Amino acid sequence: MKIVKSGFYARSLNLHVYFQLLLKRGHHLSSFNPSLTEKKWQKIYATDEPKDYKASKSSFSMVLPPPNVTGSLHLGHALTVSIQDAIVRWHKMRGMNTVWVPGCDHAGIATQAVVERQLLAAKGKRRADMPREQFMEMISAWKNDNESRIYEQLQTLGLLLDWDRKTFTLDPNMSKSVTEAFIRLYNDGLIYRKFSLANWCVALQTSLSDIEVDYLEIESPKSVVFPSSKGRSVLMGQIYEIAYPVEGIEAELTVLTTRPETVFGDVALAVHPKDQRYTAFVGSILAHPIAGRRIPVISDDSVDMDFGTGVVKITPAHDTLDYEIGQRHSLEMIQIFNENGDIQNAPEQYLGKSRFDARDAVLETFSQMGLLRGSKSHKMAVPICSRSGDLIELMPRPQWYVKCEPLAEKAIEYVKSGELKLIPKYHEGVWFEYLRNIRDWCVSRQLWWGHQIPMYKLKGCEDTWFPAPDHSSALDIAKAKYNSEDIVQDQDVLDTWFSSSLFPFAVFDWPNNNQDMKRFFPLSLMETGSDILFFWVARMVMMSSYLTGKLPFR
């Protein structure tokens with residue numbers, strides 16, 4: 001019986017021959033111990049063999065969807081990589097040049113949250129209690145341990161991965177690609193900075209994009225414990241009716257609200273201009289019962305006459321519709337929550353209270369003043385952080401956004417034309433629905449672990465932002481443009497999905513147009529979960545089509 005000693009086909013043949021020898025020697029499958037053979041084959045497949053890519057051969061390329069470095073792989077990973085491994089082996093056995101790139105994702109929010117919890121438990125400290133560099137060293141050490149374990153698990157499976165190409169999303173080459181992509185998009189007007197409402201997670205202390213917000217459906221009054229409520233239960237699914245006295249006459253206007261604690265940020269009450277019940281009140285002045293200021297009654301077409309009393313309170317700093325109304329009527333924007341979710345810009349007796357404790361205090365005050373008209377059950381969808389489960393607050397913040405509509409148009413056309421195929425086909429419906437209604441993507445994250453945003457400005461000058469690939473280049477630009485070297489870089493980092501969206505071509509050293517880019521990009525296939533169709537797949541298509549002029553996968 002001949003044993004072939006080298007080559008890919010030899011490895012497959014030798015496995016067959018080896019099992020035949022085991023059976024002849026009395027090793028029955030019922031008593032087979034996989035560890036006797038696995039280690040040998042793990043060494044073979046984990047060893048990088050010389051790559052002899054033939055120009056005459058066609059190529060097949062894939063990337064392993066990079067697992068987060070937040071923990072070990074599980075059975076689900078084993079299933080998906082086994083499917084991918086079979087696909088790659090089949091194409092290699094057909095004589096094609098094959099590449100299957102492994103890697104890991106830095107998972108900005110998730111990784112930093114885990115390390116911060118460990119730091120707090122072990123030393124009673126938070127990241128704000130130490131220099132940024134020291135905290136980054138702690139995360140890097142934790143990441144190295146997890147990354148090694150993940151790669152060891154993948155090697156245990158004997159996968160046909162190209163280990164010499166393994167990529168971590170914070171590697172220098174990836175950082176170069178991320179910086180290049182950001183600067184190109186900014187220079188082309190597709191990244192902009194805006195002071196607007198952003199989804200804020202108190203538990204994680206960062207902003208989030210819209211698709212990172214889930215909704216907890218509440219059918220009837222229910223007590224919920226949130227990560228930032230410090231163990232106390234918060235009643236949700238209840239709506240309260242409160243009254244605002246009109247100055248100068250014996251009259252009042254009542255509103256319904258599920259968030260009594262936001263009354264400190266009220267700057268107006270609004271009614272619909274065609275609602276005859278309140279026509280006479282438009283332009284009247286109300287005495288704010290708690291904040292001690294005077295607020296107007298305004299009319300706006302966006303008010304729903306059929307909801308509640310037909311009167312709504314306007315809190316521009318903490319509600320999307322109220323923000324839009326505030327912009328149209330030039331209303332003041334009063335931020336009443338700080339980043340910890342505690343009350344600010346309110347009467348002294350409420351300052352520093354948590355948003356949850358403030359609700360009880362406000363209701364008690366309205367009750368004592370005889371202005372609480374009652375409460376009732378109310379069906380609602382509560383916005384929560386998909387990462388932490390904490391109650392999301394809308395906060396006015398300056399953030400960087402990607403303008404998505406022009407990018408989404410191309411992604412829609414690719415699927416409509418059949419150039420990009422989604423399998424199963426029924427995913428096309430949700431693909432079109434999402435991309436036709438896409439909102440701009442907030443990519444700023446108030447974290448330390450990630451790609452620091454490559455934007456600089458003169459200290460204290462908000463209107464002097466400019467992009468640069470590094471600090472040295474930024475100094476040159478500042479000297480030439482502003483005759484100053486007193487610059488600072490934006491301290492925020494980019495959303496993890498920004499770097500992930502570049503993964504199919506960044507692993508081949510984009511923007512360099514090298515042989516790997518010519519031979520293996522676009523990828524031949526992307527096999528991944530439908531749960532990240534919008535988080536990852538849609539963004540890969542949008543970024544790749546704009547930055548490379550090609551689909552990320554055929």
Side-chain angles (χ1 to χ4, degrees), residues 65 67-68 70-71 74 76 105 107-114 116-117 196-239 258-259 261-262 318-321 323 337 339-341 355-356 378-395 397 399 401-402 404 408 427 429-431 433-447 450 494-498 500-501 528-539:
N68 293 343
T70 47
H74 51 67
D105 195 291
I109 292 177
T111 299
Q112 181 163 311
V114 170
E116 283 203 76
R117 281 198 297 269
S196 183
L197 297 189
N199 301 304
W200 182 259
C201 176
V202 171
L204 297 178
Q205 290 286 285
T206 186
S207 57
L208 303 169
S209 65
D210 290 336
I211 63 174
E212 291 173 301
V213 178
D214 293 334
Y215 289 87
L216 177 64
E217 298 291 338
I218 304 289
E219 298 290 335
S220 58
K222 175 183 178 181
S223 292
V224 181
V225 177
F226 295 104
S228 64
S229 65
K230 300 178 181 177
R232 67 156 288 181
S233 296
V234 182
L235 182 63
M236 309 300 287
Q238 192 85 349
I239 196 164
T258 59
R259 301 291 306 275
E261 62 273 23
T262 64
H318 300 285
D319 181 89
T320 303
L321 179 61
Y323 176 81
F337 298 131
E339 293 180 351
N340 295 320
R355 52 192 167 154
F356 307 114
H378 180 66
K379 183 179 179 180
M380 59 192 298
V382 179
I384 59 172
C385 173
S386 63
R387 300 284 186 176
S388 69
D390 203 14
L391 177 66
I392 289 292
E393 292 294 350
L394 289 172
M395 300 274 205
R397 303 184 64 85
Q399 306 277 265
Y401 292 83
V402 175
C404 290
H427 286 298
V430 291
W431 178 269
E433 178 68 19
Y434 171 73
L435 291 174
R436 285 169 180 157
N437 297 283
I438 197 168
R439 300 176 67 178
D440 288 353
W441 175 14
C442 175
V443 292
S444 299
R445 296 293 178 272
Q446 289 65 50
L447 306 171
L494 287 166
D495 180 7
T496 299
W497 294 106
F498 188 91
S500 299
S501 69
T528 189
S530 60
D531 58 324
I532 52 175
L533 185 64
F534 307 128
F535 281 106
W536 194 36
V537 180
R539 287 167 174 172

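Bear in mind that the values here come from a model prediction, so they are computed numbers and not experimental data.
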#### Entry: Inter-residue atom distance Gln205.CD - Leu447.CG, 0.5 Å rounding
10.0 Å
### Message
Strictly distance-based, threshold 3.5 Å: is any side-chain N or O of Ser500 a donor or acceptor partner for the main-chain N or O of Trp536?
### Response
no
### Query
Taking side chain as C-beta onward, heavy atoms only, is Asn199 less than 4.5 Å from Glu212?
no
### Query
Does Arg436 CZ have over 12 foreign heavy atoms under 6.0 Å away?
yes
### Query
Trp441 versus Ile211: any side-chain heavy-atom pair under 4.5 Å?
no
#### Entry: Donor-acceptor contact present, side-chain Asp440 to main-chain Cys404, <3.5 Å
yes
### Query
Between Ser388 (side chain) and Cys385 (backbone), is there a donor-acceptor pair under 3.5 Å?
no
### Query
Which atom pair, heavy atoms only, marks the closest approach of His427 to Val430?
O-CG2, 3.1 Å
### Summary
Leu391 and Pro383 have their tightest heavy-atom pair at CD1-O, 3.5 Å
### Spatial distance of atom CD1 (Ile109) from atom CZ (Arg387) [nearest 0.5 Å]
5.5 Å
### Query
What's the spacing between Glu339 CD and Arg397 CZ if we round to 0.5 Å?
4.5 Å
### Query
Where is the tightest heavy-atom contact between Trp431 and Phe534, given as atom of each residue plus distance?
CA-CE2, 4.1 Å
### Query
Rounded to the nearest 0.5 Å, how far does CG of Leu204 lie from CD1 of Ile392?
8.0 Å
### Task
Using the side chain to side chain donor-acceptor pair (under 3.5 Å) rule, pick out the option among Asp495, Thr496, Thr206 that qualifies with Arg445.
Asp495
### Query
Where the side chain of Glu393 meets the backbone of His318, is there a donor-acceptor pair that is under 3.5 Å apart?
no
### Query
Does Asp105 reach the side chain of Pro67, with side-chain heavy atoms less than 4.5 Å apart?
no
### Polar side chain donor-acceptor pair, Gln399 to Ser196, under 3.5 angstrom
no
Give the table of side-chain donor-acceptor pairs shorter than 3.5 Å for residues 223-239, with sequence neighbours excluded, one pair per line with atom names and distance.
| from | atom 1 | to | atom 2 | distance (Å) |
| --- | --- | --- | --- | --- |
| Ser228 | OG | Arg355 | NH2 | 2.7 |
| Ser228 | OG | Asp390 | OD1 | 2.9 |
| Ser228 | OG | Asp390 | OD2 | 2.9 |
| Ser229 | OG | Phe226 | N | 3.0 |
| Ser229 | OG | Phe226 | O | 2.7 |
| Ser229 | OG | Arg232 | O | 3.0 |
| Arg232 | NH1 | Phe356 | O | 3.4 |
| Arg232 | NH1 | Asp357 | OD1 | 2.7 |
| Arg232 | NH1 | Asp360 | OD2 | 3.4 |
| Arg232 | NH2 | Asp360 | OD2 | 3.3 |
| Gln238 | NE2 | Ser375 | OG | 3.1 |

## Note on the structure
Separation between CG (Leu197) and CE (Met395), nearest 0.5 Å, reads 10.5 Å
### Query
Nearest heavy-atom pair of Thr258 and His378: which atoms, and what distance?
CG2-CD2, 3.6 Å
### Task
Nearest 0.5 Å please: distance from the CH2 atom of Trp200 over to the CG atom of Leu394.
12.5 Å
